[in-house]
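What follows is a set of notes on a single structure, which appears directly below.
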Number of protein chains: 2
Amino acid sequence: MREQIDSGKQSAAAWAKRCYFAGRAVMDATLRPYDLGATQWYVLWHLANFGPTVQRDLGRALELERATLSGVVATLVRKRLIRQEASGEDQRQRLLSLTASGDVLWRELPDLTFIQQTAFGGIDDADLATTIRVLQAATERLQDLVQKEK
Amino acid sequence: MREQIDSGKQSAAAWAKRCYFAGRAVMDATLRPYDLGATQWYVLWHLANFGPTVQRDLGRALELERATLSGVVATLVRKRLIRQEASGEDQRQRLLSLTASGDVLWRELPDLTFIQQTAFGGIDDADLATTIRVLQAATERLQDLVQKEK
DNA sequence: CATGATTCGTTCGCTACCTAGCGAATATTG
DNA sequence: CAATATTCGCTAGGTAGCGAACGAATCATG
């Protein structure tokens, strides 16, 4: 929202938005041949790298709301790429794991780390650290604001 | 997506995402009593500050796709907060302006600039500038990547 | 041990984005 | 001037994310 750039504060927020959407656009374009969304890729990525995971833990790891993850998981189950089983200990929990075909697909998928490499590669380490620190601080303050609204 | 923090590069992208959604959450919470979404607010804001605007120009100013804006505009027209008229010069264009009730509502709305003030206030100017520069560079590189995919 | 609070996953309904494709209007070019 | 290309707004269909509300399971407390 370009006109909001009357001060650096608006500008920072606007660039955070643009950066997020630009990154997602690249992921979407890359994953299009595989009929996968960015979030679906993250789920497969986690299961491939960390093995079977309880849905709650997956949500916390990927920082997704239960409702959001629920929908993504349902989609992947429908595609038979992941499996959703009862967890032994807690009957409320669902244990997620890759199916055989999910594992096969995962091996075919391109490595997506090149996206961040392209985006932030060559940027000064100190500047990158500053950026992360500023965004982190802003996010925390915003989350506090939401809490206070309630 | 916290586990992606094996390098600052993933982390920066993840924080950009969180920052964007946190900001939107505050806007949504603030605007809830008025039954308005964040994007709807931006449209009203622009019309209140810049007067009647052609839909195409509004889309460019707010950096929204035609399709996205089309839906938002339809919603606001349905609420009778804005008006959509034929533009004199070009018969394809639609001129948008606040209705009387839209103007009344706008005056009631709280000032939302406090959100960015809260989020980025007190942060060192140089750090803020660095953040903007890094995000801007990353966004441009990502957009180039998308172009190449095509 | 019974009651109440919390947690987990689901569903519903919403906003906000996108791409693709359409028809109509306008610009460009041979 | 006719044919072609572009632009503008709309619609359809998709993903991503949220909050609220719900049943079932579990935990905490009197």
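Every chain is numbered from 1, with letters handed out A, B, ... down the list of sequences. As the structure is a computational prediction, the values presented were derived from the model and not from experiment.
Phosphate contact (OP1/OP2 of dT15(D), side-chain N/O of Thr75(A), threshold under 4.0 Å): absent. Phosphate contact (OP1/OP2 of dA16(C), side-chain N/O of Lys17(A), threshold under 4.0 Å): absent. Within the structure, a side-chain polar atom (N or O) of Thr68(A) is placed less than 4.0 Å from OP1 or OP2 of dC18(D). Distances shown here put every side-chain N or O of Tyr20(B) at or beyond 4.0 Å from the OP1 or OP2 atom of dG17(D).
By the 30° and 60° cut-offs, the orientation of the rings of Trp41(A) relative to Trp45(A) is parallel.
With rounding to whole Å, Glu65(A) atom CD is found 12 Å from dA16(D) atom C1'. Between Glu63(A) atom CD and dA16(D) atom P the separation is 17 Å, expressed in whole Å. The distance from atom CZ of Arg18(A) to atom P of dC17(C) is 12 Å, rounded to the nearest whole Å. Taking atom CG of Asp28(B) as the reference point, atom C1' of dA20(D) lies 14 Å away to the nearest angstrom. In this structure, Met27(B) places its CE atom 17 Å from P of dC18(D), rounding to the nearest Å. Leu36(B) places its CG atom 14 Å from the C1' atom of dC14(C), with the value rounded to the nearest Å. Atom CZ in Phe21(B) sits about 11 Å away from atom P in dA16(D), given to the nearest Å.
With sequence neighbours excluded, no residue satisfies side-chain hydrogen bond (donor to acceptor under 3.5 Å, both in side chains) with Glu65(B). Taking the side-chain contact (heavy atoms from CB on, under 4.5 Å) definition, one finds that Thr75(A) meets it with Gln40(A), Arg78(A), Lys79(A), sequence neighbours left out.
One finds the CD atom of Gln84(B) at 6.5 Å from the CZ atom of Arg94(B) (value rounded to the nearest 0.5 Å).
In this structure, the nucleotide among dG17(D), dT26(C), dC17(C) sitting nearest to the side chain of Gln91(B) is dT26(C).
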Protein heavy-atom contacts under 4.0 Å, written 5' to 3' over nucleotides 4-11 of chain D as B (base), S (sugar-phosphate only) or - (none), form the string ---BBBBB

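Salt bridge status for Arg107(B) with Asp103(B): present, with a side-chain N to carboxylate O gap under 4.0 Å.
Under the 3.5 Å distance criterion, with hydrogens and angles disregarded, no donor-acceptor pair is assigned to the side chains of Thr99(A) and Arg83(A).
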